[in-house]
Structure formats: C-alpha cells, structure tokens
Amino acid sequence: MEDNKQDISKIITQDKVLFFDMDGTLVDTDYVNYLSFKMAIQSVINPIQFPSFNPNERFNRIILQREFPNLNENEYQEIIRLKERFYSENIGQTKLLPYANEILDRFFKINTTVLVTNCREERAIITLNWHGLTNKFKHKIFRKSIDKDQHINKFENALKILELEPQMIIVFENEQFEIDEALKAGIPIENIISV
C-alpha cells in the first residue's frame, strides 16, 4: 500500500471513485479532540488526574470508558454532548494534512470524491467548512447514530448507499483497523492508500 503513494496517477483513472477518510487523513484533529474531551470531562466530573495527550492514540469514547470506568450513563452522555461544543470552540487547532489534500485538490474536479468518515455529521461539516473542503466532495457519508457498542463497516455502508462496486474505489485512510475494514468490503488492496 505504501508503494501506491509513489505513483498515484497510475491507479487513479477517471472511472475511479475516491473515498477519503477525514480525521487523521485529511485533517489532523487529534489534539483538538483530546482537548475537547478534557474540557468536557473536567466540566462534568473534574478528575484529580487526567491522561496526557498521546499523539499515538486518539482519545475517543473507548479511551474515555477505559480511563474513567466509573462514569454513569448521564455523566457519559453529558461529556459527549459537551465535547462536541468544545470541539467547535477549538476548531482553529486542527490542521490540514498535506498528502491526502494534495490528492483531493488534484482529482476532485475529474473524479467522483466521497467523504467516508466515522465522524458525526455536525462535527465533520464544521471541520470541512473551516478548512474549505466542503465543496470538494460530491457525496459525504457520516457516522450513523448507533449504540455505543455497535459497529458499522463505513466502506460497506458507502458502497451500499452509492451502489458502487468495490473495484471502482480508491481509499485514502490512516487507521489500520479501517484499512482492514476496506479489505473486508472487497476493495482491492492495491486500491487502498495508507496515509
């Protein structure tokens, strides 16, 4: 997959549909995500200690439950609600990531480009708007509202919604778990670009 980065123009033909992940692929949101969770948690339970920012592990709901296992459901839901508000307030701390954005800029007028993200719609739109990316996508597919323990393969979901064959897709993704999900969805390994 890493080799695909070298000569992208050979695999991106006009008939290909480009699937872009957002967090960690197009936009570095890890620090603002951490900061927003930290502010929300401090507002709700004000813990004595808080884990330091770890650039190798995105602070998410799983980490929240691991680090604060005694949260009740009301506290958990309030933290999630506040985290979204604090994210909006801290949006200026996000940064565009060069490689995927160069590809998007180069091909969005030629190919069909699709945002395929596990991010919730409101936060994704705020991020896209902030960075001027909104109009570079023909379609945007966001995380569905599902129970916290449920999982949906975002690539299978996108293929179904758009009625596309996996062989038509080129994926830009940064997380190994999601790369594995793209493979499970039938997208050929040579069409998956790890960024």
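Here, residue 1 is the first one in the sequence, and each next residue gets the next number.
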Is it the case that the side chain of [X] and the backbone of [Y] share a donor-acceptor pair, with hydrogens and angles ignored and the cut-off at 3.5 Å?
{"X": "Asp28", "Y": "Lys95", "result": "no"}
{"X": "Thr25", "Y": "Met22", "result": "no"}
{"X": "Ser194", "Y": "Asn174", "result": "no"}

Does [X] reach the side chain of [Y], with side-chain heavy atoms less than 4.5 Å apart?
{"X": "Leu26", "Y": "Asp21", "value": "no"}
{"X": "Leu96", "Y": "Leu133", "value": "yes"}
{"X": "Leu159", "Y": "Asn157", "value": "no"}
{"X": "Thr112", "Y": "Lys16", "value": "no"}
{"X": "Glu84", "Y": "Glu122", "value": "no"}
{"X": "Phe142", "Y": "Ile125", "value": "yes"}
{"X": "Thr117", "Y": "Ile141", "value": "no"}
{"X": "Glu190", "Y": "Ile11", "value": "no"}

Enter the distance from [X]:[atom1] to [Y]:[atom2] here, rounded to the nearest 0.5 Å.
{"X": "Arg85", "Y": "Glu89", "atom1": "CZ", "atom2": "CD", "answer": "5.0 Å"}
{"X": "Asn153", "Y": "Glu181", "atom1": "CG", "atom2": "CD", "answer": "4.0 Å"}
{"X": "Leu164", "Y": "Ile169", "atom1": "CG", "atom2": "CD1", "answer": "4.5 Å"}
{"X": "Phe19", "Y": "Glu178", "atom1": "CZ", "atom2": "CD", "answer": "13.0 Å"}
{"X": "Lys38", "Y": "Ile79", "atom1": "NZ", "atom2": "CD1", "answer": "14.0 Å"}
{"X": "Leu82", "Y": "Ser43", "atom1": "CG", "atom2": "OG", "answer": "5.5 Å"}

Hey, is CG on Asn135 packed in by over 12 heavy atoms from elsewhere, all under 6.0 Å?
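No, because the 6.0 Å sphere around CG of Asn135 holds 12 heavy atoms or fewer from other groups.
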
Start with the C-alpha distance between Arg106 and Glu102, add both sets of side-chain angles, then the distance that settles salt bridge (charged side-chain N to carboxylate O under 4.0 Å, His left out), and finish with yes or no.
CA-CA 6 Å; Arg106 184 171 162 194; Glu102 288 166 14; over 6 Å; no

Any link between [X] and [Y] through a network of hydrophobic side chains (Ile, Leu, Val, Met, Phe, Trp, Tyr) touching at under 4.5 Å?
{"X": "Val114", "Y": "Leu97", "value": "no"}
{"X": "Trp130", "Y": "Leu128", "value": "no"}
{"X": "Ile45", "Y": "Ile62", "value": "no"}
{"X": "Val44", "Y": "Tyr76", "value": "yes"}
{"X": "Phe108", "Y": "Val195", "value": "yes"}

How far apart are the C-alpha atoms of Asn70 and Glu75, what are their side-chain angles, what is the distance that settles it, and do they pass the side chain to side chain donor-acceptor pair (under 3.5 Å) test?
CA-CA 10 Å; Asn70 297 324; Glu75 291 168 333; over 6 Å; no

For the residue pair Glu173 and Glu175, what are the closest heavy atoms and their distance?
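Shortest heavy-atom contact: OE2-N, 3.1 Å.
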
Testing the basics here: between Pro166 and Pro188, what is the closest heavy-atom pair and its distance to 0.1 Å?
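Looking at all heavy atoms of both residues, the closest pair is O-CD, 3.6 Å.
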
Test Asn111 against every option in Val17, Leu18, Thr13, Ile170 by the side-chain contact (heavy atoms from CB on, under 4.5 Å) rule and name the one that passes.
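Result: among Val17, Leu18, Thr13, Ile170, Leu18 is the only option passing the side-chain contact (heavy atoms from CB on, under 4.5 Å) with Asn111.
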
Start with the C-alpha distance between Ile8 and Tyr99, add both sets of side-chain angles, then the distance that settles side chain to side chain contact (heavy atoms under 4.5 Å, CB included), and finish with yes or no.
CA-CA 11 Å; Ile8 201 77; Tyr99 179 74; 3.9 Å; yes

Cationic N near anionic O, under 4.0 Å, Glu57 to Arg66:
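Yes, this pair counts.
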
Salt bridge (Lys or Arg N to Asp or Glu O under 4.0 Å) with Glu156: which residues, sequence neighbours excluded?
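Once residues adjacent in sequence are excluded, Glu156 has no partner under the salt bridge (Lys or Arg N to Asp or Glu O under 4.0 Å) criterion.
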
Counting only pairs under 3.5 Å, give me each side-chain donor-acceptor contact of residues 30-37, with atom names and distances, residues two or more places apart or in other chains.
{"unit_1": "Asp30", "atom_1": "OD1", "unit_2": "Arg58", "atom_2": "NH1", "d": "2.6"}
{"unit_1": "Asn33", "atom_1": "OD1", "unit_2": "Lys83", "atom_2": "NZ", "d": "2.9"}
{"unit_1": "Asn33", "atom_1": "ND2", "unit_2": "Phe59", "atom_2": "O", "d": "2.3"}
{"unit_1": "Tyr34", "atom_1": "OH", "unit_2": "Pro51", "atom_2": "O", "d": "2.6"}
{"unit_1": "Tyr34", "atom_1": "OH", "unit_2": "Phe53", "atom_2": "N", "d": "3.4"}
{"unit_1": "Ser36", "atom_1": "OG", "unit_2": "Val32", "atom_2": "O", "d": "2.7"}
{"unit_1": "Ser36", "atom_1": "OG", "unit_2": "Tyr87", "atom_2": "N", "d": "3.2"}

Kindly determine whether Ile110 and Gln14 satisfy side chain to side chain contact (heavy atoms under 4.5 Å, CB included), including the steps that lead there.
CA-CA 7 Å; Ile110 304 163; Gln14 285 188 329; 3.5 Å; yes

Decide yes or no on side chain to side chain contact (heavy atoms under 4.5 Å, CB included) for Leu183 and Ile189, but give the supporting numbers first.
CA-CA 7 Å; Leu183 290 168; Ile189 192 166; 3.8 Å; yes

Are Asn74 and Glu78 close enough that a side-chain donor and a side-chain acceptor fall under 3.5 Å?
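Note: Asn74 and Glu78 side chains miss the donor-acceptor criterion.
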
Only pairs at least two apart or in different chains count here, so list each ring-ring contact (aromatic ring centres under 6.0 Å, His included) that has a residue in residues 154-183.
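Found Phe20-Phe172, His151-Phe177.
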
Test side chain to side chain contact (heavy atoms under 4.5 Å, CB included) applied to Asp23 and Arg123, step by step
CA-CA 11 Å; Asp23 295 314; Arg123 186 171 71 77; 2.9 Å; yes

